[in-house]
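Values reported hereafter were calculated over all heavy atoms of this structure, with side chains retained and with hydrogens, waters and symmetry mates removed.
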Amino acid sequence: MDDISNAIISLVRIGAAARFIYCMVRLSAAEEEAAQYKKRAKNTVVFYIIAESIWQIKDLVLYYYA
């Protein structure tokens, strides 16, 4: 179970970083769609913060009840 959660955490981190980099590259290339890619990059950062918070809360709950 712990290996699966570590794999999911790694995939979320890699995916969020890749999405953010993609949005930044497209932001510099597409002048007319700049607002759209700024919003997508912001949403990616918010998703990453929420995902990391969920894993930390999970660890706290498991520590408390274990």
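Annotation: the span from I8 atom CD1 to S10 atom OG amounts to 10.0 Å, rounded to 0.5 Å.
Here salt bridge (Lys or Arg N to Asp or Glu O under 4.0 Å) pairs that include residues 57-66, with residues two or more places apart or in two chains, number zero. Screening residues 4-17 for salt bridge (Lys or Arg N to Asp or Glu O under 4.0 Å) gives R13-E52 as the qualifying pairs, with residues at least two apart or on separate chains.
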Could you give the side-chain donor-acceptor pairs of residues 16-27 under 3.5 Å, partners two or more places apart or in another chain?
from: R26; atom 1: NE; to: Y37; atom 2: OH; distance (Å): 3.3

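Within the 4.5 Å cutoff, the side chain of Q36 has heavy atoms near those of the R40 side chain.
When hydrophobic side chains of Ile, Leu, Val, Met, Phe, Trp and Tyr are connected at separations under 4.5 Å, V61 ends up clustered with I57, Y64, Y65. Side-chain contacts under 4.5 Å among hydrophobic residues (ILVMFWY), followed directly or transitively, place V46 together with I50, I54.
Applying the side-chain contact (heavy atoms from CB on, under 4.5 Å) rule to K39 yields the partners N43; only residues at least two apart in sequence or on another chain are considered.
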